[in-house]
Amino acid sequence: MIPALDLIRQYQAHKSEIAEAVFGVLESGKYINGPKVAAFEEAMAQYVGTGQAVALNSGTDALYLALRALDVGPGDEVVTTPFTFAATTETIVAAGATPVFADIDPVTFDLDPGGIEVAITSRTKAILPVHLYGLPADMPRILAIADRHGLAVIEDCAQAVGAEIDGKRVGSIGTIGCFSFFPTKNLGAFGDGGMITTGDNALAKRIRKLRAHGAASKYYHEEVGVNSRLDEIQAAILLIKLGHIEEWILRRRQLAHAYDRLLGDLCDIQVPAAPRSVRHVYHQYTVRVFRQRDAVRESLGHRGVASTVYYPTPLHLQPVHAQLGLKRGAYPEAERAAQEVLSLPIFPEMRDDELQAVAAALKDATVAT
Ligand SMILES: *Cc1c(COP(=O)(O)O)cnc(C)c1O
């Protein structure tokens with residue numbers, strides 16, 4: 001079976017430097033808020049191109065604390081995409097606010113700026129675009145809308161570390177960037193991890209306070225916060241991995257371009273968009289299968305190729321958001337994408353012969369279906 005992702009290959013390739021980093025922390029006796037966390041925050045701020053980076057326990061916490069730091073709460077609305085992972089909207093609800101959806105662009109699968117303005121009301125506080133699959137959302141147009149309405153922009157960068165628009169890295173474009181270091185993400189820890197990036201020092205300071213039980217100084221608590229820390233061991237590992245992120249992105253892009261060449265002329269399939277002005281980092285290589293996606297996926301499985309559907313049910317149709325009262329048909333592009341998307345295996349350690357086998361199997365599967 002060709003796996004969708006093989007984390008063990010990456011570990012094997014970097015085993016000794018990872019072991020050294022982990023044992024260094026174990027020997028140091030500093031397991032929380034030590035020098036590795038500070039060094040990783042500094043390195044990420046530099047990599048993303050923002051003044052501030054604050055390490056957190058997860059990407060979910062990054063979104064939640066970004067909203068909290070922007071004072072998004074009861075009575076407020078946040079405009080976002082229905083075609084994303086549940087954490088994007090779960091955190092809006094957790095902050096006490098209401099998610100308001102706008103449909104996606106059928107070519108990029110990202111939030112369609114054309115639908116944002118009609119979703120904005122007097123209660124809207126922020127726009128929350130997701131750089132889905134590693135392809136940046138249309139930030140220039142989203143920022144222009146946000147400026148016109150005086151809104152904050154929270155970038156969900158969980159799938160897109162290193163992605164760029166006109167040479168600017170995601171996480172440095174909106175008001176706050178939110179990253180995840182979940183093991184399967186492009187920059188993955190050996191456990192949970194997350195981060196916010198921002199150029200706004202006051203916001204960063206507030207998030208540092210919120211992540212430490214709302215304490216401005218030790219045992220002096222100004223507001224209700226959370227416990228959201230990145231472990232020192234994970235920070236040491238991520239610091240090593242950040243040193244390899246550019247080579248991994250290059251390899252992902254090389255694999256994606258090889259898929260484009262092999263699959264680009266299949267008429268039953270649409271390969272991912274890659275606008276010229278952006279650097280897509282291919283967290284996923286996601287094609288659209290126009291006919292019988294589920295049967296094609298099953299047939300691929302029989303041919304020894306794993307594939308995944310991100311995401312089978314758009315968020316406006318999930319039980320968790322039933323109280324929003326949204327029905328099928330409300331966001332037709334998100335609904336169509338949920339029926340048609342298929343993510344093929346892609347990871348930096350994937351071999352060329354594996355990629356060729358996947359492409360051949362997909363051709364056969366579409367013909368046979
Ligand atoms: C993974 C992911 C998150 C959540 O990150 P965790 O670190 O798992 O909490 C949020 N949004 C998107 C789009 C994601 O892919």
Side-chain angles (χ1 to χ4, degrees), residues 4-5 7 40 44 53-68 78-95 99 101-102 104-105 108-111 126-137 139 142 153-163 170-171 173-174 176-197 207 210-211 226-231 234-235 237-238 241 252 280-286 308-316 318 320-321 334 337-338 341 343 346-347:
L5 167 67
L7 293 174
F40 180 57
M44 273 294 285
V54 183
L56 302 166
N57 180 259
S58 69
T60 304
D61 277 4
L63 290 162
Y64 173 69
L65 294 179
L67 291 158
R68 287 282 313 275
V78 178
V79 177
T80 191
T81 164
F83 195 56
T84 174
F85 180 58
T88 311
T89 52
E90 172 188 50
T91 50
I92 297 171
V93 176
F101 297 112
I104 58 164
D105 177 317
T108 63
F109 301 111
D110 284 327
L111 192 55
I127 306 173
L128 205 175
V130 179
H131 306 306
L132 198 71
Y133 308 141
L135 176 63
M139 293 301 289
I142 292 170
V153 177
I154 301 169
E155 295 176 70
D156 185 336
C157 307
Q159 303 184 2
V161 64
V170 299
I173 302 168
I176 299 188
C178 299
F179 292 86
S180 166
F181 307 120
F182 186 77
T184 61
K185 303 292 161 93
N186 284 17
L187 180 59
F190 288 59
D192 275 310
M195 178 167 273
I196 68 95
T197 54
I207 289 169
L210 287 168
R211 80 170 169 184
V226 294
N227 170 7
S228 185
R229 295 179 288 235
L230 181 68
D231 291 349
Q234 300 300 343
I237 293 166
L238 287 165
K241 287 194 161 198
R252 281 178 184 273
H280 191 333
V281 294
Y282 295 100
H283 172 59
Q284 298 299 336
Y285 185 90
T286 303
T308 325
V309 173
Y310 301 110
Y311 297 90
T313 307
L315 296 182
H316 66 284
Q318 297 271 2
V320 64
H321 292 310
V341 291
S343 297
I346 192 163
F347 50 99

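Only heavy atoms go into these numbers, but all of them, side chains included; no hydrogens, no water, no symmetry mates. The structure presented is a predicted model; accordingly, all values stated were derived computationally and were not measured. Remember, it's 1-based here, ligands and their atoms both numbered in the order they're listed. Along the sequence shown, residues carry numbers from 1.
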Among Ile154, Asp61, Asp156, Leu63, which one satisfies side-chain contact (heavy atoms from CB on, under 4.5 Å) with Thr91?
-> Leu63
Taking the six-membered ring for Trp and the full ring for Phe, Tyr or His, determine whether the centres of Phe40 and Phe181 are under 6.0 Å apart.
-> yes
Check Ile196 against Ile176 and note the closest heavy-atom contact, atom names and distance.
-> CB-CG2, 3.9 Å
Atom of Gly193, atom of Leu230 and distance for their closest heavy-atom approach | CA-CD1, 3.6 Å
Between Leu65 and Arg211, is a side-chain contact (heavy atoms from CB on, under 4.5 Å) present by the stated rule, with each step listed?
-> CA-CA 8 Å; Leu65 294 179; Arg211 80 170 169 184; 4.2 Å; yes
Pairs under 3.5 Å, N/O atoms on ligand 1 and on the protein: can you put them in a table with the distances?
{"residue": "ligand 1", "atom": "5 (O)", "partner": "Ser180", "partner atom": "OG", "Å": "3.3"}
{"residue": "ligand 1", "atom": "7 (O)", "partner": "Gly59", "partner atom": "N", "Å": "2.8"}
{"residue": "ligand 1", "atom": "7 (O)", "partner": "Ser180", "partner atom": "OG", "Å": "2.6"}
{"residue": "ligand 1", "atom": "9 (O)", "partner": "Gly59", "partner atom": "N", "Å": "3.4"}
{"residue": "ligand 1", "atom": "9 (O)", "partner": "Thr60", "partner atom": "N", "Å": "2.8"}
{"residue": "ligand 1", "atom": "9 (O)", "partner": "Thr60", "partner atom": "OG1", "Å": "2.5"}
{"residue": "ligand 1", "atom": "11 (N)", "partner": "Asp156", "partner atom": "OD1", "Å": "3.4"}
{"residue": "ligand 1", "atom": "11 (N)", "partner": "Asp156", "partner atom": "OD2", "Å": "2.8"}
{"residue": "ligand 1", "atom": "15 (O)", "partner": "Gln159", "partner atom": "NE2", "Å": "2.9"}
{"residue": "ligand 1", "atom": "15 (O)", "partner": "Lys185", "partner atom": "NZ", "Å": "3.0"}

Donor-acceptor under 3.5 Å (Gln234 side chain, Asp192 main chain) = no
